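Right, one structure below, let's go through it.
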Amino acid sequence: MKGSSKAGIIMVALFGLSCTLGMLLSPPDVSADPLIIMLTGQFLAPKEKGGANTYFFYVRGKNLPFRVDELEVPEEPVRGGPGWTVLDDLGAPRMRVIGGKEDIARLLQDSISGKKFRIKGDLHVFDGLLAIESLEELK
């Protein structure tokens, strides 16, 4: 092999290596649109164990256990799976919660334990964030 052939092969190999490293080191595309979800369930006492369908809402430094009884994900059939897989995609059973002042104030009341709610919001799965749109107490 001549010197120019070796140099060409080395340049192609270096280019391929840099492309591969670039793909491996760049962050994954987690800018997926949020999903609209509706959760129906009950807030539990802070030390109460709720089981597999209990998620912890992290609201301004406070963890609120919420047992999910029903889950609706209107967009999920388009994405190809049952609604519960959306919560599985969170990884850990917790999510940060943001919303309007009134909704956040209601969530932070000590008297919320034992109450049933229907919560509608935008779930940002990869961020583990639920942006509450509506918070309806059920009787």
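Here the structure is a predicted model, which is why all the values come from computation and not from measurement.
Residues M38 and E70 have side chains not in contact (no heavy-atom distance under 4.5 Å, counting atoms from C-beta outward). Between F56 and P65 the shortest side-chain heavy-atom distance falls below 4.5 Å. No side-chain heavy atom of Y58 sits less than 4.5 Å from a side-chain heavy atom of L64. Within the 4.5 Å cutoff, side-chain heavy atoms of L107 are placed close to those of I132. Two residues are said to be in side-chain contact when any heavy atoms from C-beta on lie closer than 4.5 Å; V68 and T40 fail this criterion.
No more than 12 heavy atoms of other residues, nucleotides or ligands sit less than 6.0 Å from atom CD of E102. Within a 6.0 Å sphere centred on CG of N63, other residues, nucleotides and ligands contribute more than 12 heavy atoms.
In this structure, CZ on F117 lies 13.0 Å from CG on L39, to the nearest 0.5 angstrom. In this structure, the separation between CG on L130 and CD1 on I98 is 8.5 Å, given to the nearest 0.5 Å. Atoms NE2 and CG, from H124 and D122 in turn, are 5.0 Å apart once rounded to the nearest 0.5 Å. Atom NZ of residue K120 and atom CD1 of residue I36 lie 6.0 Å apart, to the nearest 0.5 angstrom. Taking CG of N53 as the reference point, atom CG of D69 lies at 8.0 Å (rounded to 0.5 Å).
A continuous path of Ile, Leu, Val, Met, Phe, Trp and Tyr side chains, each step under 4.5 Å between heavy atoms, connects L123 with L135, placing both in one hydrophobic cluster. Hydrophobic clustering places L108 together with F66 (ILVMFWY residues linked when any side-chain heavy atoms are closer than 4.5 Å, directly or through intermediates). No path of Ile, Leu, Val, Met, Phe, Trp and Tyr side chains, each step under 4.5 Å between heavy atoms, connects L44 with I119, placing them in separate hydrophobic clusters.
Of the possible polar contacts, none joining the Q42 side chain to the K116 backbone as a donor-acceptor pair under 3.5 Å is found. Panel note: side chain R118, backbone L138; no donor-acceptor pair is recorded below 3.5 Å.
The one candidate from K62, R94, M95 that meets the side chain to side chain contact (heavy atoms under 4.5 Å, CB included) condition with F57 is M95.
Looking at K101 and D103, no side-chain N of the basic residue comes within less than 4.0 Å of a carboxylate O on the acidic one, giving no salt bridge.
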